[in-house]
Each structure stands twice: as structure tokens, then as C-alpha cells.
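Bear in mind the structure is a predicted one, so any value in this text is a computation, not a measurement. Labels below follow one simple rule: chain letters A, B, ... track the order of the sequence lines, proteins then strands, and each chain is numbered from 1.
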2 protein chains.
Amino acid sequence: MTEPANKPERMEAIGILEENKIGAIWQICFIANSFIFPIYARFDREYDLSRMEFVVLYVTAHRANTMAWEICGITGLPKNNISRGVQKLQKKGLITRVADPCDARRSFLNLTEKGTELYEKLIALYADRADAILSLLDDEDRAALEIVTLKLSKRLAATKLS
Amino acid sequence: MTEPANKPERMEAIGILEENKIGAIWQICFIANSFIFPIYARFDREYDLSRMEFVVLYVTAHRANTMAWEICGITGLPKNNISRGVQKLQKKGLITRVADPCDARRSFLNLTEKGTELYEKLIALYADRADAILSLLDDEDRAALEIVTLKLSKRLAATKLS
DNA sequence: CAAAAATGGTTCCATATGGAACTTGACATT
DNA sequence: AATGTCAAGTTCCATATGGAACCATTTTTG
């Protein structure tokens, strides 16, 4: 059942990866897609959790009293999708939503104990898969990649591109 | 109209980018999304071209006599989506489809002149935007990033991850 | 303080997406 | 040649997605 590692069509991908007119960006997208799709498919299959739900879970795990609009700003995802993610998580009892006394439009989001438990499980899978990919590099290259992608992503977050 | 470069929610994103349990992968996805979404939105808005159409256009521009199943292998996208992209491009007169005499199920895809013209225009926009992002790094970092992402993406393409 | 603008969030709708079933054609085994 | 298996593409369907209109609250402004 294990397919040969180098199926011809996969090898063809390599040629296109070397295209240099668009530089590292196509490669970065290729790596991101290779990571994201399988992991979200797995979350959906094994935990019945959609991408939007995971995103909300993830951000909320990192910041107590998060508000929906903040998740939008952090992730760049549209607010209607975030809204749906929040609703589903709340229905499943994975997060709590408490109205902000200062502004009735907003509410504070926090993980429940159950939500924290699930998050711990998922983030472990997430980290394993990330590690499986990054392990294709030797330690030196991996360290270099981490330094440069952190720099770039931080600058990108702080910049308003046209 | 120009927003301040450092809106609070964007700065919050930076904190999360520094999360190290999942290392460079979250950052890579962040960079990829920051690139992909705006550029495809623009292609759709200004050229009425969907993501799938662009993908087919792109691969076909790189390989004469491409077949649909090859595009699937190269990009990892499902074949029904590719099929739709091919149909739309053909309807618009941007690619030609000629049945393979050796196997009636398959056909060879090639850009028309009109298709080539459009491709040239789009890839220039694509490259400009890629450059705008990569220019946030100094030359040394940028060179390092390009080397390492090429290595990683090539190994990833040649590997069958779980 | 009333009217207008803005903001957080939800709902509506039209489109994009991907899994699965299906169609047609190639090919292997008998 | 009949049969079963596989492969390339298409179609069907149920879900995900994101823009736009909308609602309910602040906040701003005259």
C-alpha cells in the first residue's frame, strides 16, 4: 500500500519549485499547503473540528479574555467565519462567552476545561506534524529557517502592504 | 484611508508568531496566507480568474502538453477542481485541449496565445507582490531563506509523509 | 442632547471546495 | 474475447467560504 516515494508526478513538482521568477514564495506556499491540508483534514475527521474552530481555539488558548474581533485581526480571517467558529465551540462547551460589561456588543472568550484538554491534544498533533516536516532539514538549516521566517512574519504583521 | 502601520490587533499577531512549540510552520503559513489571499482576490477582481484557473494556467505555462492528472500531482489539488479550472480556461479560449491519441481518456493542455499573454501579465503581478514581501528582509536573510525553502520544498515533494 | 458615523457581531446568499460515486477507456489475466 | 481492475475525468452533493446587508450598541459631532 505504501506508494513509491518518488512517484513521477511528485518529481515534476520539483522542477516547478525551482522556478526563480517568483522566488521563495511559491516554495513557502507549497510547504504551508503540505502542512495545513492534511492536519486540518485530520482534525475534522478525528475530532469533528473545523478549521475555523481550531483557529478560535488556538488564539483563545494563547490569550485569556480574547474577543472575536481580535481573532480577526490576528489571523486575517473574515469576521463572519470567526463568528461561526465561536458559536460552534460554545455549543460544544469548549469555550465560554461572557458579555463585556463596558460594551454590550462584545464578549470575552475563554477556554473551558474541556476546551483546554482538547487544545492540548490537538496542539501535540500539530507540533508532531510540524516537526516531521522541519526534520527534513539538518539542524543548521532548520535553525536558519526559523530565524528568518520569524523575522519576516513579524515584519509582515507590522506592515500594511498595498 | 491608510491605516496606521501598527494597529493593536496586528501587533498582537506578533506575540503569537513567537510561539515556539510549533516553530517555523505557523510563521510559514502566516507568510503564505498573507501572500496568497490578496493576490488571488486581485486576480478574481481584475481578471475574473479563479484560483483553480490560475493554477492550471501556471502549470501549463511551465510544461507544454500538460495533462490534468499531472497538475493534480504537482499541486496536490483534487482532480475535480482541476477539471473545473481546465473547463473554464478552455471556454475562455485561454488553453487548448487535444485528445491523446494513445489514450482517449487523457488530453494534452497547452496555452493559446491569449492564454500566454494573460499568464505574462499575471505572473508579473505575482512576482511584484512576492518581491514586496521578500524585500522586508535584507539581502543576506533573503538569500538564506530562498536556499532553505528550496531544499525543504524539494525534499517534501519527494517524500510521502504519513 | 439628537443625529450621524462607527463598531462588534450575526445572518443571508452566492460561490468555492473536496469527497464520493460515476463514466469511459486501457490493460492484465484467463 | 470475456472478465476484473485500474486510471483519467466528470458530475453530484453537502459543506466551507467570504462579501454585503443587517442589527444592536457605542462614540462622535453639530
### Query
Which residue, A/A104 or A/P78, contacts DNA chain D at a nucleotide closer to its 5' end, judged by nearest heavy atom?
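Here A/P78 is the residue nearer the 5' end.
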### Message
I'd like to know whether the aromatic ring centres of A/F35 and B/W26 sit less than 6.0 Å apart in this structure.
### Response
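Here the rings of B/W26 and A/F35 have centres that are no less than 6.0 Å from each other.
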### Message
Between B/E53 and B/R84 (salt bridge meaning N to carboxylate O under 4.0 Å), is one present in this structure?
### Response
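A salt bridge is absent here (no side-chain N lies under 4.0 Å from a carboxylate O).
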### Task
State plainly whether the residues A/D139 and A/R142 are in salt-bridge range, i.e. N to O under 4.0 Å.
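Looking at A/R142 together with A/D139, the answer is no, because their closest N to O distance does not fall below 4.0 Å.
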### Task
On DNA chain C, reading 5' to 3', which nucleotide is the first and which the last to sit with an atom under 4.0 Å from a heavy atom of chain A, could you check?
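Range of nucleotides touched by chain A: C/dA6 to C/dG18.
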### Task
Run through A/T60, A/L57, A/L94 and flag the one making a side chain to side chain contact (heavy atoms under 4.5 Å, CB included) with A/Y119.
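Going through the options one by one, the only one that passes is A/L57.
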#### Entry: CG-CD distance between A/D44 and A/E46, expressed to the nearest 0.5 angstrom
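A/D44 CG to A/E46 CD: 10.5 Å, rounded to 0.5 Å.
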### Task
Determine, for nucleotides 6-11 of chain D in 5'-to-3' order, which nucleotides have protein heavy atoms under 4.0 Å from the base (write B), from only the sugar-phosphate (write S), or from neither (write -).
-BBBBB
### Task
Please report the C-alpha distance between B/F54 and B/Y47 in whole Å, then the side-chain angles of each, then the deciding distance to 0.1 Å, and finally whether the side chain to side chain contact (heavy atoms under 4.5 Å, CB included) criterion is met.
CA-CA 10 Å; B/F54 179 75; B/Y47 297 91; over 6 Å; no
### Task
Using a cut-off of strictly less than 4.0 Å between a heavy atom of the residue and any atom of DNA chain D, enumerate the qualifying residues of residues 42-53 of chain A by number.
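Going residue by residue through residues 42-53 of chain A, the ones with a heavy atom under 4.0 Å of DNA chain D turn out to be A/R51, A/M52.
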### Message
Looking at B/S153, is its backbone amide N or carbonyl O close enough to the side chain of A/Q27 to form a donor-acceptor pair, meaning the two atoms are under 3.5 Å apart?
### Response
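No; zero donor-acceptor contacts below 3.5 Å.
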### Task
May I ask you to decide if the ring planes of B/F43 and B/Y126 are parallel, tilted or perpendicular, using 30° and 60° as cut-offs?
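The arrangement is parallel - the two ring planes meet at less than 30°.
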